Amino acid sequence: MSSPVDRSFPIALPEKPALEGLEQKWNARWEEQQTYQFDRSRPRADVYSIDTPPPTVSGSLHIGHVFSYTHTDVIARFQRMRGKSVFYPMGWDDNGLPTERRVQNYYGVRCDPSLPYDPSFQPPDTPPKQPISISRPNFVELCGRLTTEDEKVFEGLFRHVGLSVDWKLTYATIAPNAQRVSQAGFLRLLKRGLAYQHEAPTLWDVDFKTAVAQAELEDREQPGAYHRIRFARPDGSAIEIDTTRPELIPACVALVAHPDDERYKPLFGTEVVTPLFGVRVPIRAHALADPEKGTGIAMICTFGDLTDVIWWRELSLPVRAVIQANGTLKPLTWGSAGWETDDAVRAQAAYEQLVNLPASKARTKIVELLRESTDLLGEPRPITHPVKFFEKGDRPLEIITSRQWFIKTMEFRETLLERGRQMQWHPEFMRHRFENWVNGLAGDWCISRQRFFGVPIPVWYPVGPDGNADYSKPLCPAETRLPIDPSTDAPEGYVEAQRGKPGGFVGDPDIMDTWATSSLTPQIAGGWIDDPDLFARVFPMDLRPQGHDIIRTWLFTTVLRAHLEHDSLPWTNAAINGWVLDPDRKKMSKSKGNVVTPIGLLEEFGSDGVRYWAANVRPGGDPAFDPRDPGQIKIGRRLSIKILNAARFALLQSEPRGTITESLDRGMLTALDKLIGEVTEHLDAYDYARGLERAETFFWAFCDDYLELVKGRRYGDFGSDAAASANSAILVALDTLLRLFAPYLPFVTEEVWSWWRPGSVHRSSWPSSTDVLSPIGGRDEAALAVRLATQDGLAEVRRLKSLLKKPTKAVIARAVLPSRFAGLQPAARDFQAATHIRDLSFGDVDEAQLEFAEEGPAPGAAGV
RNA sequence: GGGCGGUUAGCUCAGUUGGUAGAGCACCGGCUUUACACGCCGGGUGUCACAGGUUCGAGCCCUGUACCGCCCACCA
């Protein structure tokens, strides 16, 4: 790097510097110069790699994206300036339900996997009222088309914000290489017995008609009602139970009470008969039954909730499932096997009124029937209770038995907790969220989804002579064939014509959970399968930035996959960002209508202003943001403008230059050395907010105090050498400050840099002690003290002048300052010039004594 | 029920090993001051949520409580 006092690069200053247009100007230049290109020739030790969160491509970016991606970008820019080759890719999560839903609505189509591919299909210009059914490949094509459009918009916004991503390193979770990685990861786990399939009761969304995982659940408070229902005993007496789901009475397989409950102890082992359906069910004992709840005895159905699943499994109860995949009650014949009843005619008559109704409607209907049969005691008592929903779903989850694929997690819980402890968390307390989740895991990870747009489960099953598929013997493709789609590709040793035929094969119809692919983002971005050389240079990565809401999904599953596949952490640091909240401290969401889109703010206040706001929030903080009162964004804009103007001022008067001899100059550079240390330390600790705060505080004092104090000297009041000292010091300071601000305010710093320095500030080196101390031959503690005393003295005189309502330029003929300010004497010339004091002395006074001149020029003050 | 974070000026928030409570915004007053009026200077009486404890000394450490937010568990 060239010295700041070298004159080889000409200074070219604009007449009236402004922030407007800097984004377009510099983004074009950065793209042309490939300023943020990753240098893959560097060894792992010289690389800083980032596992960038791939935003979900299903609509538009909001202010929260700008917020969190800015944090990452600050770190990326800092590491780049520290000399690292920064691997900063961008991914698009365009795989999964949100995309499917958007495509359905946008084009007015529905996927019907039974249809053949139609190469000529084009969606109509406007979506029809009645959705058009199309094949899976056609549907996937439309997903690809729409996400490509969305991704262009996303990239444009991220570039506008100034993310220093290497845009050649983009990936998409639905793209072939991501599918290859995802499928290879699955097949390797399958080979090692870590992925398995299992037929079991599974959480099920009746609208999406798919299984969902524990991590995708959320509770919602829903209105409901307790219904007191009578179950008859053989002796004619009755047992009363409370239920919120009377429509599941046909699915009842037992009643259950606590083993120590004296009221029911005598009844354990006896039978009762279900109302309306006349099914004999046993009364059983289980510790999970709560004597305090309802009547203390509950109905076990297959399946009303997860507790039913536990009871059913642990008490070895039969299955009598009535809810089918679409959430309605399935047709069935009472009296047939598994549906034995004391009165099949009556049961069938009752059930006919419920069949094919969705659960909520069936509930209303069965209440009528129970009321008629007098089995409903009293009226339903309304309550509000938490009900489990798929986080993206609209109706309560059901529990449906189906064949699903799982990845083993339960047996690794202890190891995963240890992995969590090996990782650096920023902020540290976010670690608890991870541990909390791991400790609360209830089962292995269900990864299969009965959806269409995603990475297919890459296996087939042989079809026996009887025409039935044998799920116990999945047929796996060779890894070199990946990615494959078992619905259109045939397994090795078979031909397509054998699909579905006896002696042939069938493809697994399911796709993987989006997290099953996203959990491999370090492997996808890093070239695990396709580019081992690259992978060795970037993995394990340095940083995973992400939100705390997806610790249980993305973070957890990524740690799991890296552990299973590489026996390592996926990255060494997890930086967890908070959420941007609305002014009422509520999370922004589309349904609340409080989502703030960033583009208007970026255009009005400039990207640097918005970045300043983002970087000002401490790590993990949840800032409240009111778009009507842009607060910190305006401050960021003001800071950026100040940098433009201060730099212009510094560079307007850059001659003469020479040795830095004056106390204030030497003290300022000594303080700057301390600042470099602090900002570096904070950024190293991922505390971008504190780093910015320190730099900002220094900079405002630099402008308002230091530059004001040395202004006269720069104009030559005290001779050429004294002016040269100031000019040289200012150039060192400007050069340093621009580099300290560069990670935060990339546009304005680059603009100023371009006025007088070669290359890009973002490719310059991070400031060091040497940069600021070598021009003054090391730290000058005495000068530092002079600087402090002078600043205090300046504040004191300013205060008194303001108190006395004197103009700033009012001349003070004589001033006696309290002796505590005497430390400023080595800088008395500068001090007097800035305060317009002609005759300065120090004495034993409590407050400065100022004697104002009637009129006349200030001593040596230029331009006054 | 378990866990995590927060509570400091009207508002948004800093406050790093305990040592005289801070910034910005807003508000008020002053200043055409040759880098910047998108500017500059000045103006702060706050039960640091509450109660107790440790300490010479607590916004900071300990115990408890309240309220706000989030995560998890429960869900008959």
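Predicted model only: the values in this text are computed from it and were never measured. These numbers come from the heavy atoms of this one structure, side chains and all, not from hydrogens, waters or symmetry mates.
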State which of [options] makes the closest approach to the side chain of [X].
| X | options | answer |
| --- | --- | --- |
| A/Lys16 | B/rA35, B/rU33, B/rA37 | B/rA37 |
| A/Arg637 | B/rC38, B/rC31, B/rC72 | B/rC38 |
| A/Cys703 | B/rC36, B/rA35, B/rG3 | B/rA35 |
| A/Lys805 | B/rC70, B/rG29, B/rA73 | B/rG29 |
| A/Leu652 | B/rC74, B/rA35, B/rU12 | B/rA35 |
| A/Phe649 | B/rU33, B/rG24, B/rA35 | B/rA35 |
| A/Asn436 | B/rG2, B/rG29, B/rU12 | B/rG2 |

Look through every strand shown and name the nucleotide pairing with B/rG64 as Watson-Crick or G-U wobble, where both distances are under 3.5 Å.
B/rC50
What is the pairing partner of B/rU17, taking Watson-Crick or G-U wobble pairs with both distances under 3.5 Å in any strand?
none
Contact nearer the 5' end of RNA chain B, comparing A/Asp219 with A/Glu20
A/Glu20
So, A/Ser607 versus A/Glu23: side-chain donor-acceptor pair below 3.5 Å or not?
yes
Round to a whole Å and report the spacing from [atom1] of [X] to [atom2] of [N].
| X | N | atom1 | atom2 | value |
| --- | --- | --- | --- | --- |
| A/Tyr688 | B/rA14 | OH | C1' | 15 Å |
| A/His548 | B/rC71 | NE2 | C1' | 9 Å |
| A/Arg431 | B/rC70 | CZ | C1' | 19 Å |
| A/Tyr706 | B/rC40 | OH | C1' | 19 Å |
| A/Lys711 | B/rC36 | NZ | P | 8 Å |

If you look at every strand shown and take non-hydrogen atoms under 4.0 Å, does [X] touch a base, only sugar-phosphate, or nothing?
| X | result |
| --- | --- |
| A/Thr808 | base |
| A/Ile635 | sugar-phosphate |
| A/Ala650 | nothing |
| A/Glu708 | base |
| A/Trp700 | sugar-phosphate |
| A/Gln214 | sugar-phosphate |
| A/Arg690 | base |

Taking only residues two or more places apart in sequence, or in another chain, which ones meet A/His548 in a ring-ring contact (aromatic ring centres under 6.0 Å, His included)?
A/Trp579
Please enumerate all residues that pass ring-ring contact (aromatic ring centres under 6.0 Å, His included) together with A/His426, with sequence neighbours excluded.
A/Tyr686
For [X], enumerate each residue passing the side chain to side chain donor-acceptor pair (under 3.5 Å) test, keeping only those at least two apart in sequence or located in another chain.
| X | answer |
| --- | --- |
| A/Gln222 | none |
| A/Asp261 | A/Arg263 |
| A/Arg694 | A/Glu678 |
| A/Asp684 | A/Arg82 |

Are any side-chain N or O atoms of A/Ser802 and backbone N or O atoms of A/Arg799, one a donor and one an acceptor, separated by less than 3.5 Å?
no
Pick out which of A/Glu216, A/Glu218, A/Glu391 makes a salt bridge (charged side-chain N to carboxylate O under 4.0 Å, His left out) with A/Arg552.
A/Glu391
Output every pair passing salt bridge (Lys or Arg N to Asp or Glu O under 4.0 Å) with a member in residues 601-620 of chain A, not counting sequence neighbours, ordered by first then second residue.
A/Asp73-A/Arg611
Does anything in residues 549-557 of chain A reach RNA chain B, meaning a heavy atom under 4.0 Å, and if so which residues?
A/Arg552
At a heavy-atom distance below 4.0 Å, what parts of residues 291-315 of chain A sit against RNA chain B?
A/Lys293, A/Ala298, A/Thr307
Mind listing the N/O atom pairs, protein and nucleotides 42-46 of chain B, below 3.5 Å?
unit_1, atom_1, unit_2, atom_2, d
B/rG42, O4', A/Ser802, OG, 3.3
B/rG42, O2', A/Ser802, OG, 3.4

Partner residues of A/Gln653 under the side-chain contact (heavy atoms from CB on, under 4.5 Å) criterion, sequence neighbours left out:
A/Arg714, A/Tyr715, A/Asn727
Of A/Thr835, A/Asp705, A/Thr808, which is the lone residue that meets side-chain hydrogen bond (donor to acceptor under 3.5 Å, both in side chains) with A/Arg798?
A/Asp705
Residue A/Glu221 excluded, over 12 heavy atoms near CD under 6.0 Å
yes
Given B/rU16, is OP1 or OP2 found less than 4.0 Å from the side-chain N or O atoms of A/Arg694?
no
Within less than 4.0 Å of OP1 or OP2 of B/rA35, is there a side-chain N or O belonging to A/Tyr715?
yes
Base of B/rC38 paired with side chain of A/Asn645 (donor-acceptor, under 3.5 Å)
no
A/Gln214 and A/Gly440 have their tightest heavy-atom pair at NE2-O, 3.4 Å
So, A/Trp613 versus A/Phe605, ring centres under 6.0 angstrom or not?
no
Please write out each protein N/O paired with an N/O of nucleotides 5-9 of chain B under 3.5 Å, distance rounded to 0.1 Å.
none

Do A/Leu555 and A/Trp437 touch side chain to side chain, with heavy atoms closer than 4.5 Å?
no
